[in-house]
Amino acid sequence: MIEFLQFINDILWGSVLIYLLAGAGLWFTFRCGFVQFRYFTQFRSLIRSQPSRDSAGISPFQALCTSLAARVGSGNIAGVALALTMGGPGAVFWMWVVALIGMATSFAECSLAQLYKRRDSEGRYRGGPAWYMESGLGMRWMGVIFSLFLMLAFGLIFNAVQANSIASAVNHAFGVPKTWVGILLVVLTAGVIWGGMRGTARLAQYLVPCMALIWVMMGLYVVALHIARVPEVIMLVMKSAFGWQEAASGALAFTLGQAMTAGFQRSMFSNEAGMGSTPNAAAAASAWPPHPASQGLLQMFGVFINTVVICTATAAIILFSGMLDSPTPGTDGITLVQTALSGMVGGWASGFIAFIVFLFAFTSIVANYAYAENNLLFLQRKNPFTLALFRCLALAMVMFGALSSLPLVWQLADMAMALMAITNLIAILLLSPVVRDITADYLRQQKLGVTPVFDPHRFPDIKSQLAPGVWDGLSVTKTRR
């Protein structure tokens, strides 16, 4: 089974997605005027901007924290460890490259989700790729396919991945049987997922900043302990990234390919740029400034925070430990990070990582489920029986993940992620003229020194596709300082 899934993933990642991801990222980078570099300094102003008076959505900060809750999971620890094991130190460099390029893709998909959002039966905003496939492209069938992929991936398989990481970490640190860890996770998850997107957003806005800061501080502490090795580690990453170390032995092409593939896979699993997951949180926000591009800008910074900051902290812990110099058979994923950190700071590190993994992965589980439920409601209106059944399936997958083997779970996750990404990337590339227009509109208003406000009457073709009342009658009096 694992060999078959590996074969499918080799085709999807080696022949399709690497080129599609890179191509889409570069396309939107040029199409949107290098948006990830031009607006890089605006993150602070977007976070501190005036709260929206629109109570139909969650706040922009809550939307960012919700998307980070889904992004910042086991991929930031176990995924980075797997990338370094499979692709060598050079995988870190390609993770950075994918993140910087992927910021433009994330901007595009989140701006579209915000643009095409709708109000549900309770008056709350909902949206995401399925909605812009239906409204922007007129292809509901495509939205249905995407929703099914997302429900399978995020509602079921990815939550098994997160549960697997928690169970492995807790078992390694404290010797607690994985069965009991799984039961605890099921109980805790059940208590949160009944709160929907708003409940997840409230949890995320407090937990995510704290847990991310704790992990980054640990990474900085490890670097400080080995400050003299910084130039050596940087050179190791760069040489491995381009296969310079292996060129003399004739293994250049293989090693370069392994580093790129591992970096692309783990970076995308971690930051989710282009996958179509983050737009589900972006659409739920009451954006401020009241313009679709503002939420796209804010969410693209989540890619940078997730990969360039948090994943790099994990990579630093592994690389500075020297664990890759003499790898121990059977030591990978969370166990590799625990062993690496324990060797540098003491035995307490194993328990510390188990705690961090629990926070990272548990917030991902509840955010992933919120995304899946959002797409279930796209397929059909709220049905208590269907909703309860899907929640039970999600909880069953959490238990399955806690007890299953790591290779099988990761192979399933990679395949589900690839199918989601291919569908979403095709959609946003088809909608790239819309992304270009709203980006230019945002930039035009910024140059005039006013707070950007989206006026659908300026775009008659787009206006006919939008939900009535969502973008009508917006006005602000505040000018940009």
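A cation-pi contact, defined as under 6.0 Å to the ring centre and within 45° of the axis, is absent between K463 and W471.
Contact check on D441 versus R444 returns a salt bridge, with a Lys/Arg side-chain nitrogen under 4.0 Å from an Asp/Glu carboxylate oxygen.
Summarising the geometry, atom CG belonging to L112 is positioned 11.5 Å from atom OG belonging to S135; distances are rounded to the nearest 0.5 Å. Taking CG of L359 as the reference point, atom CG of L207 lies at 6.0 Å (rounded to 0.5 Å). Between the NE2 atom in H457 and the CD1 atom in I462 there is a gap of 13.0 Å [rounded to 0.5 Å]. Note that CE of M275 and CZ of F146 are 9.0 Å apart. Values are rounded to the nearest 0.5 Å. Distance check: L137 CG to L430 CG gives 5.5 Å after rounding to the nearest 0.5 Å. Atom CG of L115 sits about 12.5 Å away from atom SG of C110, to the nearest 0.5 Å.
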Verdict with reasoning, Q36 to T29, per side-chain hydrogen bond (donor to acceptor under 3.5 Å, both in side chains): CA-CA 7 Å; Q36 67 268 52; T29 295; 3.0 Å; yes
Audit row: R391, Y369, side chain to side chain contact (heavy atoms under 4.5 Å, CB included) steps and yes/no: CA-CA 8 Å; R391 286 171 175 170; Y369 176 79; 2.6 Å; yes
Side chain to side chain contact (heavy atoms under 4.5 Å, CB included) evaluation trace for W288 with Q295: CA-CA 8 Å; W288 190 270; Q295 186 59 210; over 6 Å; no
Q380 vs T386, side chain to side chain contact (heavy atoms under 4.5 Å, CB included): CA-CA, chis, key distance, verdict: CA-CA 9 Å; Q380 64 171 93; T386 304; 3.7 Å; yes
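L425 places a side-chain heavy atom less than 4.5 Å from the side chain of I428. The shortest side-chain heavy-atom distance between C32 and V435 falls under the 4.5 Å cut-off. Contact of the N424 side chain with the Y132 side chain is registered, since non-hydrogen atoms from C-beta on lie closer than 4.5 Å. The shortest distance between side-chain heavy atoms of V453 and Q445 falls below 4.5 Å. For the pair L429 and L20, the minimum side-chain heavy-atom distance is below 4.5 Å.
L68 pairs with exactly one of T363, V303, V208 by the side-chain contact (heavy atoms from CB on, under 4.5 Å) rule, that one being V208. Residue L150 is tested with T423, N375, L376, L419 for a side-chain contact (heavy atoms from CB on, under 4.5 Å); the sole match is N375.
Counting only residues at least two apart or on different chains, the salt bridge (Lys or Arg N to Asp or Glu O under 4.0 Å) pairs with a member in residues 131-144 are E134-R140.
Pairing each heavy atom of M151 with each of L379, the nearest pair is SD-CD1, 3.5 Å. Nearest heavy atom pair, residue A287 against residue P60, reads CA-CG, 4.3 Å. The nearest pair of heavy atoms linking N374 to R126 is OD1-NH1, 3.0 Å. For Y371 against A281, the heavy-atom pair with the smallest separation is OH-CB, 3.7 Å. For the residue pair I365 and N159, the shortest heavy atom distance occurs at CA-OD1, 3.2 Å. Closest of all the heavy-atom pairs between F61 and Q205 is CE2-O, 3.9 Å.
E109 and T278 form no side-chain donor-acceptor contact under 3.5 Å, judged by distance and modelled atom types alone. Remark: the Q299 side chain and the S67 side chain contain an N/O donor-acceptor pair separated by less than 3.5 Å.
In this structure, Q446 contributes its side chain and L443 its backbone to no donor-acceptor pair below 3.5 Å. S294 places a side-chain N or O within 3.5 Å of a backbone atom of H291 that can act as its donor or acceptor partner. Formation of a donor-acceptor pair under 3.5 Å by the D120 side chain with backbone atoms of Y125 is not found in this model. Side-chain N or O atoms of K117 include none that pairs as donor or acceptor with a backbone N or O of N280 at under 3.5 Å. In this structure a side-chain-to-backbone donor-acceptor pair under 3.5 Å is present from S364 to F360. Proximity of a side-chain donor or acceptor of S106 to a complementary backbone N or O of M103 within less than 3.5 Å is not detected.
Ring orientation note: the planes of F154 and F158 are tilted relative to one another, at an angle of 30° to 60°.
By the side-chain hydrogen bond (donor to acceptor under 3.5 Å, both in side chains) test, T189 pairs with no residue at all, sequence neighbours left out. Applying the ring-ring contact (aromatic ring centres under 6.0 Å, His included) criterion to F28, with sequence neighbours excluded, gives no partner residue. For the side chain to side chain contact (heavy atoms under 4.5 Å, CB included) test, residues two or more places apart in sequence or in another chain that qualify with R436 are R31, P433. Judged as a side chain to side chain contact (heavy atoms under 4.5 Å, CB included), and not counting sequence neighbours, the contacts of I214 are F352, I356.
Proximity of the aromatic rings of Y442 and F454 is defined here by a centroid distance below 6.0 angstrom, and this criterion is not met.
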What side-chain donor-acceptor pairs closer than 3.5 Å can you find for residues 311-320, not counting sequence neighbours?
residue, atom, partner, partner atom, Å
T312, OG1, W96, NE1, 2.8
T312, OG1, T307, O, 3.4
T312, OG1, V308, O, 2.7
T314, OG1, N76, O, 2.6
T314, OG1, W215, NE1, 2.9

